Amino acid sequence: MVLSACSLDCPDSCSFVVETDGDNIKIKGNPDHPVTQGFICAKGKGLVRRINHPDRITEPLLKVDSSFEKISWDEAFRICADKIRALNPEQILHVRGFGYRGVLANASDVYFKTLGALETYGSLCDEAGCEAIEQTFGSMEQNDLSELSKADVVVNWGKDISRSSIHTASILKDLRKQGKRVISISPGGDGNEKFSDETILIRPGTDRFLAAAIIKCLIESDGIIAKAVSNSDGFEKLAIILGAHSIDALCEMSGIVSSKIQELAAIYSSALNVSSLIGWGVQRYTFGGENIKYICSLCALSGQLGKEGSGFYYNISSGRNFAPWTETPKVSDDRKVLLFKLESELGTRTPEVKFMWIDGINVANQTPDSESSARAIENCDFVVTVDAFMNDTAMRSNLILPCALTMERDELIGSALHNCVSWSAKIKEPRGLAKSDFEIIQTLAEMTLEKSPILDATTCFEKALESTSISVSFEELKTKGFVACDWPSIGYENFSFKHANGKLKLPQNLSLELSDKKGFNLLSLVRKNHLHSQIFPQDQGGLPELIISPDSPYLGVLNEGDEAMLTTDLAEMKVTLRFDQTLHKKAAIIRRGGWLKHAHNANKVIEPLITDMGFGAAYYSQKAWIVKA
Ligand SMILES: Nc1nc2c(c(=O)[nH]1)N[C@H]1C(S)=C(S)[C@@H](COP(=O)(O)OP(=O)(O)OC[C@H]3O[C@@H](n4cnc5c(=O)[nH]c(N)nc54)[C@H](O)[C@@H]3O)O[C@H]1N2
Ligand SMILES: Nc1nc2c(c(=O)[nH]1)N[C@H]1C(S)=C(S)[C@@H](COP(=O)(O)OP(=O)(O)OC[C@H]3O[C@@H](n4cnc5c(=O)[nH]c(N)nc54)[C@H](O)[C@@H]3O)O[C@H]1N2
Ligand SMILES: [Mo]
C-alpha cells in the first residue's frame, strides 16, 4: 500500500491509497485525509483506465505525409531543438493548460518564458470570478472548508455539486442530516435538487440581478450591517444604482418571484450562519464577473462574511501554499496572444509564428469556436503536442510527445478547494516510452539554452515547500501523503480587506443584458464520469444529447428523442433531444468535452465571447436554437 494523489484539474485534489500488484493498480480515497475521507469520484477511479487504455500513445509520433510514424526520443528532441534554435523566440508560441497541475508542471512555463517565446492569455475556467473577487476585496480568501460544516444554511449559487465536487456534496449531505438547510440556485437540469431542501430556478446569467434585489431588500429593511458600510468604498453609489431599479424589475430580469427574494433577504440578514457556495458556472457569461461581485457583496453587506460558518466559497489559488522554485521572467503584453482567438491573432502577427508547443490542454476541443483553433494548429508550420491520447489537438500536430500520467511520475499538488497539499507519488514506470513532462522540458532546456533554468526535481520540491504556510519537511510529507497548511480558518476576519485602505470595493455598475437575442442559453456543463475532454472514443457513440425543457418555447414541432440541428450564429451540430422537467425554459444543456472528430464537440457551435473581466470565455452566454434535422 502506497500513498499518492490525484493531479486532475479538479478542486477536490484527492489523496489516494494505492494497492499495486505488478502492473495492476487499485486506488481508493485516503481515509485519513480530512476532505477525501476515504472515497473518490468516478473520474479519479478512471485514471487507471486511462493509464492502461489501448488507445494510449506511448511512443513519440512524427507526422510524415499526413500519417504518424514512430520515432525515437533522440530524434524527437533533435527535431524540436533544431527548430527552436533556428527561430526568433517571437516565432514560437507556448500554449499551456491545466490538464496537468503541480510544482513540476510549471517547468514548461519556466522554460518558454526564459526562451522569450509568446504565450497565451485568456481563461477557459475561473478567471472572471477570480478577478471579480480580487477587485472587490483586494485578495482572494475564503473560510477553511471545515467551516462549511458550521453553516446553518448553505446557499448554493450554481455549483454542480454532484458532478464537480463530490466531497462538497458529502458535506452538504451531512449538514442536511443534522437538519441544516441547503438552497440551490441554478437554471436546473443539474440534479442539485437531490442535495438541496429547495431549488430556485434562475434565468441563465442573471445572478447579479437576484443578488442586487436581495441587497436592495436589505437596504430597505435596515438589514445592512454598519461595519460593512464603514469598511467599504462605494456604498452610496451602489444604493443609488439599486434605487433606479424596482424589486419587481430585478425579479423580472432574473425570473424569480419577489416573495423568494424577501425570503432570501431574511435568511442572509438573520442570526443564522449562512455560507454561500459560488460555482464557476455563474461567471461563464458576458457579465460573469459582475455576477460574482454582487454575490460576494451580498455576503459582506449582510454580515455573512469574516466569521464562523459564513462567507463564500469560490476558489483558492491551488498554488498558494507553494513557494516558487525559481524566478520566472515576466512576459511582456506584446508577446501574448488571446487563447480563444488563436486563428485570427496568429493570422495577423509578424513575425509569423512557426512553432507551437502545446501541453496539458486540448486546445482544438476546449476553446470556444474550436474549429477555428483547430485551423490555427493546422496552419502553423510545426506543432508539438505533449499528451497521451490522439485527441482533436494531437491529431492535428506534427509531433506528439507521449507524457507520463498521474502515478507514473512524482508531483506535489495543491487544491482550489481546501488547504492541504498532497504528494502525488510515482507508483509505476510510465507506460512504453512515455516520459514525464518535467523530464521532456529538462532535456529540451539543456539542448537549447546556455544555462537551463530547470533545477533537479528534488530541489524543486524542497524549494516549493519553503513556504510560510508549510512546516513539514519533504521527507515527512512523502511519508504522510498530505499536509494541512497553516492558513487562517476565517477569510476577511474583522472585515479587514487587502485594498490599500483596508476596505472592500462595492460594485459600481449594474449591467443590463446587451440584447435579447433569439434562442436559449446553451449551457455546456461538466460530465460526471470524465474531466472535460478526457473521454474515450467508445464513450462517444451515437449523437450527443441536448437536454431541454419539455415546455421550451424553442421546441416547435420537435419532441423527445428527435434528432435536431443545434444551431447558433457560428455553426450547427446534430443532436438528439432529451427532456428534463427541472430545466429552465430559457436554457438547454449539452455536456462539454465531446470530440470534434466524433461530432460531439459543443465548442464547435460556441462563439468566443469574452467575460467582462479576467478575459474569460463566456461559454454560457451562447444563444442557440434547434431546427428539425
Ligand atoms: N466530474 C467532473 N468534475 C469536474 C470537472 C469535470 O470536467 N468533470 N471539471 C473541473 C473544473 S476544471 C471545473 S472549473 C469545475 C466546474 O464545476 P462547476 O462550478 O460545477 O461549474 P460548471 O459545470 O460550469 O457549472 C455548473 C453549475 O452552474 C449552474 N449554472 C449555469 N448557469 C448558471 C447561472 O446563470 N446561475 C446559476 N446560479 N447557476 C448557473 C449549472 O446549472 C450547474 O449546476 O469542475 C471541476 N470538476
Ligand atoms: N463548452 C465549454 N468548454 C469548456 C468549458 C465550458 O464551460 N464550456 N469550461 C472549461 C474549463 S472549466 C476548463 S478548466 C478547460 C479545460 O480544458 P483542457 O485543459 O483542455 O481540458 P482537458 O480536456 O482535460 O484537456 C487536458 C489535456 O491534458 C492531457 N493531460 C493529462 N495529464 C497530462 C500530463 O500529465 N501532461 C500533459 N502534457 N498532458 C496531460 C489530457 O490527456 C488532455 O488532453 O476547458 C473548458 N472548456
Ligand atoms: Mo475549469
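In each ligand, atom 1 is the first atom listed, and ligand 1 is the first ligand listed. These numbers come from a predicted model, not from an experiment.
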Query raised in the report: Can Lys260 and Glu198 be counted as an ion pair, charged N to O under 4.0 angstrom?
Result: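 Answer for the salt bridge query: yes.
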
Requested in this report: Check each of Asp190, Val526, Ile295, Leu201 against atom 44 (O) of ligand 1 and report the one with the nearest heavy atom.
Outcome: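 Nearest option to atom 44 (O) of ligand 1, by heavy atoms: Asp190.
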
Report task. Looking only at protein heavy atoms, identify the closest one to atom 15 (C) of ligand 1 and say how far it is in Å. Result ->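 Here the closest protein heavy atom is Trp280 CE3, 3.6 Å.
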
Query raised in the report: So which heavy atom in the protein is nearest atom 20 (O) of ligand 2, and how far is it from that ligand atom?
Result: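 The closest heavy atom on the protein side is Asn362 N, 2.8 Å.
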
Query raised in the report: Does the ring center of Phe39 lie less than 6.0 Å from the ring center of His167?
Result: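 Between Phe39 and His167, the centre distance is under 6.0 Å.
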
Report task. Applying side chain to side chain donor-acceptor pair (under 3.5 Å) between Ser370 and each of Asn362, Asp392, Asn601, Asn365, report the one that passes. Result ->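 Of the listed options, the one satisfying the test is Asn601.
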
[X]: heavy atom below 4.0 Å from ligand 2, yes or no?
| X | answer |
| --- | --- |
| Gly360 | yes |
| Gly97 | no |
| Ala394 | no |

Query raised in the report: N/O of Asp9 under 3.5 Å from N/O of ligand 1, yes or no?
Result: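 Such a contact does not occur with ligand 1.
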
Query raised in the report: Between Ile185 and ligand 1, does any nitrogen or oxygen pair lie at a separation below 3.5 Å?
Result: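 Right, the criterion is met.
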
Query raised in the report: Are Tyr619 and ligand 1 in contact, using a heavy-atom cut-off of under 4.0 Å?
Result: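 The answer is no: ligand 1 sits nowhere under 4.0 Å from a heavy atom of Tyr619.
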
